Amino acid sequence: EDEELAEVEAKLDADWKASTGTVKVGKKTDDELKKEKRPFLTQFFSPIFLKAFSIIFFGEWGDRSQIATIGLAADDNPFGVVLGGIVGQALCTTAAVLGGKSLASQISEKIVTLSSGVLFIAFGIQSFLSTVES
């Protein structure tokens, strides 16, 4: 078995060298190569962090709550507004994550996707009709 394992490893190393032009030295080197090939931000942050951050950031950017926050900061203490905004967003996100986690165990992903698609189309049609009538 040891001879067979060594033979397979030698073949894999030869294939690796032929396809990439480099010698595969070990797992540590392989991990370092993978890390170098990843996009810049994923070298420092996990992909799920970046995905969650971008969804929240771009979803909230320019909406009414941000405009209201600008108004609050203009009239009151900006530090208090920032702190209140962070705590409020954290609580809402925590509720969404915990609620979504518990719902995910009871409802299939297919039903959620289908119903969200139907609602998206319905709201789009309603929005289109309300602008046509105005």
Side-chain angles (χ1 to χ4, degrees):
E1 288 182 7
D2 291 337
E3 290 175 17
E4 190 176 329
L5 180 62
E7 184 180 329
V8 170
E9 286 178 344
K11 174 128 176 71
L12 288 174
D13 285 342
D15 290 346
W16 174 264
K17 185 177 178 181
S19 66
T20 63
T22 59
V23 177
K24 183 179 175 183
V25 176
K27 183 165 177 49
K28 197 169 195 178
T29 306
D30 189 33
D31 289 342
E32 290 171 2
L33 287 172
K34 284 180 183 178
K35 188 173 182 179
E36 288 175 7
K37 291 180 182 179
R38 290 190 310 185
F40 178 73
L41 285 177
T42 57
Q43 292 182 11
F44 302 105
F45 301 107
S46 73
I48 189 64
F49 171 83
L50 292 173
K51 193 179 290 185
F53 174 80
S54 61
I55 287 171
I56 298 296
F57 182 80
F58 292 116
E60 293 297 321
W61 186 260
D63 73 349
R64 292 182 206 158
S65 63
Q66 186 181 26
I67 305 300
T69 304
I70 292 169
L72 278 174
D75 290 339
D76 294 318
N77 180 5
F79 179 73
V81 174
V82 168
L83 188 61
I86 289 170
V87 171
Q89 189 67 38
L91 289 175
C92 285
T93 302
T94 302
V97 168
L98 295 177
K101 187 83 169 166
S102 66
L103 280 177
S105 64
Q106 299 172 3
I107 301 173
S108 75
E109 186 177 341
K110 193 173 189 176
I111 290 174
V112 172
T113 303
L114 182 64
S115 60
S116 64
V118 168
L119 285 173
F120 183 80
I121 291 170
F123 287 133
I125 291 170
Q126 187 272 333
S127 178
F128 177 74
L129 293 175
S130 67
T131 56
V132 171
E133 293 173 2
S134 296

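Everything numeric in this text was worked out from a predicted model, so none of it was measured.
Cluster membership for Ile56 and Trp61, using ILVMFWY side-chain heavy atoms within less than 4.5 angstrom, is not shared. Criterion: ILVMFWY side-chain heavy atoms under 4.5 Å apart, direct or through other members. Under it, Ile125 and Phe120 are not part of a common hydrophobic cluster. By the criterion of side-chain heavy atoms lying less than 4.5 angstrom apart, applied directly or through intervening Ile, Leu, Val, Met, Phe, Trp or Tyr residues, Leu129 is grouped together with Ile121 in one hydrophobic cluster. Residue Leu50 is not grouped with residue Ile48 when hydrophobic side chains (ILVMFWY) are merged at heavy-atom distances under 4.5 angstrom, including chains of intermediate members.
Residues Asp63 and Glu60 have side chains in contact (heavy-atom distance under 4.5 Å, counting atoms from C-beta outward). At a threshold of 4.5 Å between non-hydrogen side-chain atoms, the residues Ser130 and Gln126 count as touching.
Of the options Val81, Val82, Asn77, a side chain to side chain contact (heavy atoms under 4.5 Å, CB included) to Phe79 is made by Asn77 and by none of the others.
Side chain of Thr93 to backbone of Ala90: no donor-acceptor contact under 3.5 angstrom is found.
Across Pro78 and Ala73, no two heavy atoms sit closer than the pair CG-O, 4.1 Å. Of all non-hydrogen atoms in Thr113 and Ser116, the two that sit nearest each other are O-OG, 2.9 Å.
Here CG of Leu72 is found 12.0 Å from CD1 of Ile67. Values are rounded to the nearest 0.5 Å.
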